[in-house]
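Values below: every heavy atom of this structure, side chains too, minus hydrogens, waters and symmetry copies.
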Amino acid sequence: MNSLNEKGVQFLLIALGIWMAKALQYPLSVLIVLPFVLFSPLAGWLSDRVCKTRLLQAMVLLQVLVLTGMSIGLWTQNLPLAIGSFTVFCVQAMFFSPAKKGLVKDMVGTENIGFASGILEISSMLALLVGQIGALYIVYTLLSIWGRDSGWEAAAVPCSVCTIGAVIVLILSMFIPRYAPQSTRPFEWNLLWKHFTQLRMLWDNRVLRNSEIGIGYFWFIAGIMMLIVLQMAAEANPVQSAADFMQVLGQQKDSAILFAWLSGGAISGGLVASIICAGKIRTWVATAGGIGMTLGCAALAFIPYGTPLFFAALTLTGFAASGYLVPLNALLQDRADDDKRGDVIAAGNLVDCFLGIMSVVLQGAMMWLGISPQWQCGILACTSALVAVFIIRNMRRM
């Protein structure tokens, strides 16, 4: 639910930006990852030091408050308040993540962590899918019904629904089992700038290092693919002005369709990988996924946009990428020391977010240079091939 609401309100703002003829997708993509870069050590310490369940409950309460602020901003047509509330939501997600992932091993142990971690990733991806597509589709539908002057209301209504959903989640979170914290480290001010210490701890362990390199690349390619999909939809349905009502709606609809194929493949791939990894983490799944990502991106570079083969290639890319991620995530969570698991996950989040920022910068640069979305996929095929070789060479020793 945290993932669904965060991604949902992000794409509500993106849809609102399309309606206002403002490119909000790039600043919003940076806002999502910036808190992880700034406060990752503090989040890792807090996840190890306090009861993770209590931390989750506090973050769900904060979610209710920020969604309320965002809804007020949309209803009153106050864009700074809406974006400011979304910024706080991104900080909330940063503290939420290591606690959420850190609970998995406490709940299921080593034997089942491959399957449980995969289910966690699938549920998050499903939530991202519903959030992305749902936000665009709802805004598209409400604009169709209410007319082209109702962009603020079309974004405010689903945001208010998310706020009500967050209240229900807050109530349900009170039933999550509690587990004692594994660490007794006191708070130190250097937690505000201890990023490199965390990264060194991650880097010094070969298994954790290699796992995180693979995980980080997943979020790198995921960030670029999200923006490429938005660019594809924009080029297929160019919007000359916000008043061009039908083109605005067509662009949103195309974006939702593309996300459905990509995310649907990712959910299917994660489910298959989770079943394969039930009872034991099987690293060869990551190798197969790396090869599949390479083939999927290469196919997208040459297959014409909008054809059945194009959608099949988009689905294959998501399927392979998700299958590639599941065993790597499980390996990272399992091999981290119990009293430092939050630190390890937070350090991994920091790497993921650096690469997420790089993905925004790189995709923006490729678009600025006039590189077509198809050739951008070709570049991703080359980088995916290099990562696949890295995974093949290192997974056998993990």
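Ile221 CD1 to Thr383 OG1: the interatomic distance, rounded to the nearest 0.5 Å, is 6.0 Å. Residue Gln231 holds its CD atom at 8.0 Å from OG of Ser372, rounded to the nearest 0.5 Å. Annotation: the span from Cys162 atom SG to Met70 atom CE amounts to 8.5 Å, rounded to 0.5 Å. Interatomic distance, Ile379 CD1 to Gln363 CD, rounded to the nearest 0.5 Å: 10.5 Å. Separating the CG atom in Leu208 from the CG atom in Asn210 is a distance of 9.5 Å, to the nearest 0.5 Å.
Every residue two or more places apart in sequence or in another chain was checked for a ring-ring contact (aromatic ring centres under 6.0 Å, His included) with Tyr324, and none qualifies.
With hydrophobic clusters built from ILVMFWY side chains whose heavy atoms lie under 4.5 angstrom apart, Phe302 shares a cluster with Ile224. At a threshold of 4.5 Å between side-chain heavy atoms, the hydrophobic network of Ile, Leu, Val, Met, Phe, Trp and Tyr places Val169 and Phe175 in two separate groups. Val91 and Ile83 fall within the same hydrophobic cluster, defined by Ile, Leu, Val, Met, Phe, Trp and Tyr side-chain heavy atoms under 4.5 Å apart, directly or through other members. By the rule that hydrophobic residues join a cluster once side-chain heavy atoms approach within less than 4.5 Å of another member, Val157 and Leu81 end up as members of separate clusters. Cluster membership check: Met367 shares its hydrophobic cluster with Ile371, using side-chain heavy-atom separations under 4.5 Å among Ile, Leu, Val, Met, Phe, Trp and Tyr.
Residues Ala273 and Val326 share a closest heavy-atom pair of CB-CB, 3.8 Å. Closest non-hydrogen pair, Pro327 versus Cys277, comes out as CB-SG, 4.1 Å. Nearest heavy atoms, Ser150 versus Trp146: OG-CB, 3.1 Å. Taking all atoms of both residues into account, the shortest heavy-atom contact from Ala330 to Ile113 is CB-O, 4.0 Å. When all heavy atoms of Gln374 and Leu300 are compared, the pair lying nearest together is CG-O, 3.7 Å. Closest approach of Leu56 and Lys100 over heavy atoms only: CD2-N, 3.9 Å.
Looking only at distances, a side-chain donor or acceptor of Thr294 sits under 3.5 Å from a matching main-chain atom of Gly290. Using modelled atom types, one side-chain atom of Thr53 and one backbone atom of Pro177 make a donor-acceptor pair closer than 3.5 Å. Side chain of Ser123 to main chain of Ile119: a donor-acceptor pair is present (N/O by atom type, distance under 3.5 Å, no hydrogens or angles). Checking side-chain atoms of Ser384 against main-chain N and O of Ala381 turns up no donor-acceptor pair under 3.5 Å. The backbone N or O of Ile276 lies less than 3.5 Å from a partner atom in the side chain of Arg282, making a donor-acceptor pair. The main-chain N or O of Ala43 is never found under 3.5 Å from a side-chain atom of Ser47 such that the two would form a donor-acceptor pair.
Screening residues 77-91 for side-chain hydrogen bond (donor to acceptor under 3.5 Å, both in side chains), with sequence neighbours left out, gives no hits. Listed by first and then second residue, the side-chain hydrogen bond (donor to acceptor under 3.5 Å, both in side chains) pairs that reach into residues 57-75 are Asn2-Gln63, Asn5-Gln63, Ser71-Thr163, Trp75-Ser160, sequence neighbours excluded.
In this structure, the side chains of Leu42 and Leu46 stay at 4.5 Å or more apart for every pair of heavy atoms. Inter-residue side-chain proximity for Met107 and Tyr179 is flagged as met; some heavy-atom pair is nearer than 4.5 Å. In this structure, the side chains of Ile267 and Ser322 stay at 4.5 Å or more apart for every pair of heavy atoms. Using a 4.5 Å heavy-atom cutoff, the side chains of Phe311 and Leu316 are not in contact. Residues Leu79 and Leu16 are in side-chain contact: their nearest non-hydrogen atoms beyond the backbone lie under 4.5 Å apart. Side-chain contact check for Val229 versus Pro373: every heavy-atom pair is 4.5 Å or farther apart.
Note: Phe220 and Tyr217 have tilted aromatic rings, judged against thresholds of 30 and 60 degrees for the angle between ring planes.
The only member of Asp352, Val207, Asn329, Leu331 that meets side-chain contact (heavy atoms from CB on, under 4.5 Å) when paired with Glu212 is Asp352.
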Subject >> Worked check of side-chain hydrogen bond (donor to acceptor under 3.5 Å, both in side chains) between Glu6 and Gln92 >> reply: CA-CA 10 Å; Glu6 183 191 17; Gln92 179 265 6; over 6 Å; no

